Amino acid sequence: MRGKKVYIVIFIISIIGLAIVQYQYLRIGLNLAKIQFNQKIGLAIHEIKNDLAQPNQLTFLVGKAITKDSIYFNLAADSIQEASRYFMNDFLKDKLLQHGIKTAFTYNLYAKDSTDYLRSPKSYGDKNDLLKYTLTLDGYLPTLVKKRLILELRFQNLNSYFLSQLNGLTIPSLLFILAIIIVIFWVLKSFYWQQHLITTTNEFINNLTHELKTPVFSIGIASKILLEKATQENKELVGMIRNQVTKLNSQIEKVLDLASLESKKGFINKKIVDFKPVILTIIKEFEQIAALENINFIGEAKGNSYMLMCDSYHLENAINSLLENAKKYAKEHSHIEFLAVKENKKLTIRVKDNGIGISAADKKKIFDKFFRVSSGDVHNVKGYGLGLNYVKRIVKLHKGKITVLSSLGKGSEFIISLPLLS
Ligand code: ADP
């Protein structure tokens, strides 16, 4: 659960980081666009100033407009004014375009004494003004009116203009961030969905096994009573029922043990225990089974006491599972060795068989829940692939390690090592 949260936090931090980096790039881009704009405008202004300093058609017309001289053109002063406004506007627009500046602008031609001579036909209001350039005119026009003339250029909505120039960068990067977010959300969603599915499946299995427990228990009791009263004739049949019920019961116990380990972390109940007597019981019980089933078994427990911080019940179950597997996955002339020994403040338990063995590829998977080797003879052996998963969990909960040495066809050796208290 904590692991998932860490991933989500890392994801959110990365996305925020990415967004900040993009924002910084955008700011740098905007600044560069402004610098570029300033360079272009510098060149354009230089040319505008030069052209307006010369006597030419435009300056002549503007001259007539600002001196309100209507005689030459034989037109009303207002009309000359109006015409020159448009001519000036077109001239400036042209010059700016020649230097790659397409953004909207307004202009104003006035004298130092605040006389307003000429204004651009369009006005955008003061709010949108971002950049203002003032040029003091030389030459023809100032000489004509004998005043210092100033041409002011104002550029509108520059930020959106710059942004539109950066669109080639901003839109793709926003789209990519969006795509990353969508994909990660999708991955997280399916991950949670899968987790949910696993939890509900586990819950279902647990509930089902719980439900099975009571009838199996009742059949067990009933078959026991029946066995005591059975006649020679049906003794075998009742015996069979009893055997199968015992098997079924042990499978149910396995599933429930594993389920309880998964549902509650601190489920196991550890105490300081001398585990040697438990090991001796395990050996003794298996010796009986081996004698019955014709297995050559050697069990040995070295050293005096095995002081462990452990849950005896689960640890005993785990070791028995290894012995059971050694018996289950045997070949003819089964030989099983069990050894418990104290080594470097550790209790090492070895369960060795000369059975069918495990291939290198399967060795990596045998501790996975529900995994069963699915080839050859193994099919004949019943199981759910839960045993080794349970063993590994128990060993882990005891801060121990489990390893397996095995080669296909030759046999296997499972080694558990557990930390000893003394
Ligand atoms: P189950 O025995 O119910 O299938 P386990 O988790 O105990 O489940 O074992 C998983 C698989 O590992 C088994 O299906 C078997 O193929 C393999 N395996 C376990 N122990 C041995 C062994 N001693 N020798 C050979 N194969 C084994």
Side-chain angles (χ1 to χ4, degrees), residues 198 201-202 205-206 208-209 212 216 243-244 246-262 282-283 285-287 289-290 293-300 313-340 348-398 400-417:
I198 291 172
T201 316
N202 279 348
I205 294 173
N206 298 345
L208 187 73
T209 31
L212 286 177
V216 166
N243 272 343
Q244 294 305 320
T246 318
K247 267 191 190 169
L248 190 57
N249 202 30
S250 84
Q251 296 293 3
I252 289 175
E253 287 300 332
K254 264 190 205 167
V255 176
L256 287 180
D257 278 343
L258 202 64
S260 56
L261 277 187
E262 278 173 5
I282 294 174
I283 293 176
E285 280 177 5
F286 201 76
E287 270 168 357
I289 298 171
E293 300 192 16
N294 235 343
I295 296 168
N296 181 3
F297 175 67
I298 302 171
E300 198 181 352
Y313 168 75
H314 283 294
L315 210 51
E316 186 182 345
N317 270 349
I319 296 166
N320 273 329
S321 287
L322 292 185
L323 282 167
E324 212 176 290
N325 278 352
K327 183 166 76 92
K328 263 163 64 178
Y329 301 104
K331 292 187 298 194
E332 275 180 7
H333 311 297
S334 172
H335 177 82
I336 298 173
E337 280 173 36
F338 178 95
L339 175 68
T348 309
I349 298 162
R350 293 168 181 266
V351 179
K352 193 175 173 183
D353 63 58
N354 63 344
I356 58 171
I358 307 159
S359 72
D362 287 334
K363 237 181 345 192
K364 291 177 204 147
K365 302 182 213 153
I366 52 168
F367 294 104
D368 294 349
K369 202 173 170 186
F370 302 124
F371 177 80
R372 306 202 69 223
V373 175
S374 56
S375 62
D377 299 342
V378 187
H379 270 311
N380 304 334
V381 186
K382 297 274 175 292
Y384 300 100
L386 293 174
L388 287 181
N389 184 259
Y390 171 75
V391 176
K392 183 152 190 178
R393 276 165 191 268
I394 292 296
V395 171
K396 248 186 154 178
L397 286 169
H398 285 86
K401 267 189 192 159
I402 179 159
T403 45
V404 56
L405 309 170
S406 185
S407 57
L408 203 58
K410 289 193 179 141
S412 318
E413 183 172 10
F414 285 84
I415 305 157
I416 293 178
S417 90

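The shown structure was predicted, so the numbers you read here are calculated from the model rather than taken from an experiment. First listed ligand is number 1; within each ligand, the first listed atom is number 1. Position 1 is the first residue of the sequence; numbering continues from there.
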Under 4.0 Å between heavy atoms, the region of Phe371 that gets near ligand 1 turns out to be backbone

Given ring pair (Phe, Tyr, Trp, His ring centres under 6.0 Å), test Phe286 with Phe338 step by step and report yes or no. CA-CA 10 Å; Phe286 201 76; Phe338 178 95; 8.5 Å; no

Ser334 (side chain) donor-acceptor with Lys331 (main chain) under 3.5 angstrom: no

Give the atoms of ligand 1, by number and element, whose distance to some non-hydrogen atom of Ser412 is under 4.0 Å. 22 (C), 24 (N), 25 (C)

Which ligand 1 atoms, with their elements, are less than 4.0 angstrom from a heavy-atom of Leu386? 6 (O), 8 (O)

Which side-chain N or O atoms in residues 352-359 pair as donor and acceptor under 3.5 Å with protein atoms at least two apart or in another chain?
| from | atom 1 | to | atom 2 | distance (Å) |
| --- | --- | --- | --- | --- |
| Asp353 | OD1 | Gly355 | N | 2.9 |
| Asp353 | OD1 | Ser412 | N | 3.0 |
| Asn354 | OD1 | His335 | N | 2.8 |
| Asn354 | ND2 | His333 | O | 3.1 |
| Ser359 | OG | Asp362 | N | 3.3 |
| Ser359 | OG | Asp362 | OD2 | 3.2 |

N or O pair under 3.5 Å between Lys328 and ligand 1: yes

Can you tell which of Val373, Asp353, Ile336 gets a heavy atom nearest to atom 16 (O) of ligand 1? Val373

Could you tell me which atoms of ligand 1, counted from 1 in the order shown, lie closer than 4.0 angstrom to a heavy atom of Gly385? 1 (P), 3 (O), 4 (O), 6 (O), 8 (O)

Output yes when Arg350 and Glu337 qualify as a salt bridge under the 4.0 Å nitrogen-oxygen rule, no when they do not. no

If you count heavy atoms of other groups shown closer than 6.0 angstrom to NZ of Lys401, is the number above 12? no

Could I get the full list of salt bridge (Lys or Arg N to Asp or Glu O under 4.0 Å) partners for Glu293, not counting sequence neighbours? Lys327

Using distance alone, decide if ligand 1 has a nitrogen or oxygen within less than 3.5 Å of any nitrogen or oxygen in Ile358. no

Interfacing atoms of ligand 1 (cut-off 4.0 Å, heavy-atom, Phe414): 20 (N), 23 (N)

